[in-house]
Amino acid sequence: IIALKVARHYCSAHRKECTFVYVWCLGAVFDRLEKRLRKGRNQLLTLLEKTERLLSVCEECLNRLPTMREEDREPDFFTEVKPYADVNHRLLDEWTEEIRMLIRNERPKYIHLHQIESLNESMKQFIVQSFYPKTGKKRFILSINSATYTLRTVLDELRSKGGEQG
């Protein structure tokens with residue numbers, strides 16, 4: 001499919017008004033649109049996967065604290081805590097940025113920016129706290145439950161968006 005557009009412009013090279021004919025191949029335009037849609041779907045899948053990964057991090061942290069209390073030892077910060085925290089903090093920051101963009105663009109009904117900011121801060125704390133046996137259990141569990149609730153809400157929203165597109 002080809003589209004033509006005739007336009008008149010002032011041409012500085014000829015110092016007069018010239019007629020230009022623009023020819024577009026609509027097939028190429030549709031191909032570019034399809035690539036953008038596929039890229040959007042792939043981004044949605046990666047965001048979905050990241051959300052599921054963060055949920056599993058919550059579960060790992062919840063299971064780690066009792067184990068560390070049973071062992072009753074202080075972990076080595078540079079060999080145990082820091083590598084784990086760095087990887088998951090990086091994942092959390094990437095996820096937070098992607099969710100911010102989703103909130104700005106899609107305006108989901110049950111997800112708000114302040115929830116995401118709070119989740120980011122609390123997860124960064126309890127990821128590290130889960131290694132230390134002296135961590136207060138009640139506040140720690142409440143933080144994880146809050147993060148899990150927000151992540152499940154995001155997961156539900158992403159799955160409903162995926163269902164609408166796919």
Side-chain angles (χ1 to χ4, degrees), residues 27-166:
V29 171
F30 289 131
D31 287 343
R32 276 183 271 160
L33 284 173
E34 187 180 12
K35 284 180 187 175
R36 282 186 189 166
L37 281 173
R38 266 189 259 133
K39 182 181 176 189
R41 283 189 189 134
N42 289 341
Q43 183 179 7
L44 186 67
L45 287 177
T46 60
L47 191 54
L48 190 72
E49 291 166 354
K50 286 177 185 176
T51 306
E52 289 171 345
R53 174 67 187 127
L54 289 173
L55 271 168
S56 70
V57 168
C58 289
E59 183 91 18
E60 290 169 13
C61 291
L62 193 59
N63 294 332
R64 183 179 304 110
L65 185 65
T67 305
M68 296 304 281
R69 284 184 170 193
E70 285 174 11
E71 293 175 6
D72 195 32
R73 67 175 180 86
E74 288 291 316
D76 183 44
F77 181 77
F78 291 103
T79 59
E80 291 179 68
V81 181
K82 190 172 181 349
Y84 183 83
D86 285 347
V87 168
N88 289 302
H89 287 180
R90 194 170 23 259
L91 172 68
L92 186 59
D93 288 338
E94 289 172 12
W95 178 86
T96 301
E97 193 55 42
E98 289 178 28
I99 282 293
R100 276 188 197 135
M101 291 181 65
L102 181 98
I103 291 171
R104 286 187 194 117
N105 296 336
E106 304 286 329
R107 299 190 188 277
K109 189 173 183 178
Y110 300 110
I111 304 169
H112 304 284
L113 202 52
H114 65 87
Q115 289 173 298
I116 302 305
E117 299 302 328
S118 175
L119 174 109
N120 187 310
E121 291 172 19
S122 68
M123 275 194 79
K124 284 183 178 179
Q125 285 179 359
F126 71 68
I127 285 172
V128 174
Q129 289 173 347
S130 68
F131 284 92
Y132 295 95
K134 294 180 181 172
T135 299
K137 187 176 178 182
K138 183 177 180 180
R139 187 169 163 262
F140 177 77
I141 290 174
L142 287 174
S143 295
I144 291 180
N145 288 343
S146 174
T148 301
Y149 174 80
T150 303
L151 288 167
R152 287 185 199 277
T153 304
V154 169
L155 200 59
D156 290 345
E157 180 67 26
L158 291 174
R159 286 183 177 150
S160 72
K161 291 288 180 199
E164 290 173 9
Q165 289 179 353

Undergrad: Report the C-alpha separation of E157 and E106 in whole Å, then their side-chain angles, then the decisive distance to 0.1 Å, and conclude whether the side chain to side chain contact (heavy atoms under 4.5 Å, CB included) test is met.
TA: CA-CA 10 Å; E157 180 67 26; E106 304 286 329; 5.9 Å; no
Undergrad: To the nearest 0.5 Å, what is the distance between CG (L92) and OG1 (T96)?
TA: 4.5 Å
Undergrad: Looking at CD1 of I144 and CG of L65, how far apart are the two atoms once the value is rounded to the nearest 0.5 Å?
TA: 8.0 Å
Undergrad: Taking atom OG of S143 and atom CG of L119, what is their separation to the nearest 0.5 Å?
TA: 10.5 Å
Undergrad: Roughly how far, to the nearest 0.5 Å, is the CG atom of D86 from the CG atom of L91?
TA: 12.5 Å
Undergrad: Give, for atom CD of Q125 and atom CG of N120, the distance between the pair rounded to the nearest 0.5 Å.
TA: 10.5 Å
Undergrad: Please report the C-alpha distance between E60 and R53 in whole Å, then the side-chain angles of each, then the deciding distance to 0.1 Å, and finally whether the salt bridge (charged side-chain N to carboxylate O under 4.0 Å, His left out) criterion is met.
TA: CA-CA 10 Å; E60 290 169 13; R53 174 67 187 127; 3.1 Å; yes
Undergrad: Measure across P83 and F78 and return the closest heavy-atom pair with its distance rounded to 0.1 Å.
TA: CD-O, 3.4 Å
Undergrad: So do L102 and K161 actually touch side chain to side chain, heavy atoms under 4.5 Å?
TA: no
Undergrad: Could you walk me through whether I116 and V154 pass the side chain to side chain contact (heavy atoms under 4.5 Å, CB included) test, one step at a time?
TA: CA-CA 10 Å; I116 302 305; V154 169; 4.2 Å; yes
Undergrad: Got a donor-acceptor contact below 3.5 angstrom from the S118 side chain to the H114 backbone?
TA: no
Undergrad: Quick one: closest heavy-atom pair of I103 and H112, and the distance?
TA: CD1-C, 3.9 Å
Undergrad: I need the L47 CG to E97 CD distance, nearest 0.5 Å.
TA: 11.5 Å
Undergrad: May I ask you to check whether over 12 heavy atoms, not counting those of R69, lie within 6.0 Å of atom CZ?
TA: yes
Undergrad: Could you check F77, F140, Y84 and say which one makes a ring-ring contact (aromatic ring centres under 6.0 Å, His included) with F131?
TA: Y84
Undergrad: Salt bridge between K124 and E121, side-chain N to carboxylate O under 4.0 Å?
TA: no
Undergrad: Run through L158, L155, L151, V57 and flag the one making a side-chain contact (heavy atoms from CB on, under 4.5 Å) with E52.
TA: L155
Undergrad: Apply side chain to side chain contact (heavy atoms under 4.5 Å, CB included) to residues M68 and T135 and explain how you reach the verdict.
TA: CA-CA 10 Å; M68 296 304 281; T135 299; over 6 Å; no
Undergrad: Using a strict cut-off of less than 4.0 Å between a Lys/Arg side-chain nitrogen and an Asp/Glu carboxylate oxygen, indicate whether E80 and R73 qualify as a salt bridge.
TA: yes
Undergrad: Starting from the C-alpha separation in whole Å, work towards a yes-or-no answer on side chain to side chain contact (heavy atoms under 4.5 Å, CB included) for N88 and M123.
TA: CA-CA 9 Å; N88 289 302; M123 275 194 79; over 6 Å; no
Undergrad: Within a radius of less than 6.0 Å around CZ of R152, do more than 12 heavy atoms belonging to other residues, nucleotides or ligands occur?
TA: no
Undergrad: Between S130 (side chain) and I127 (backbone), is there a donor-acceptor pair under 3.5 Å?
TA: yes
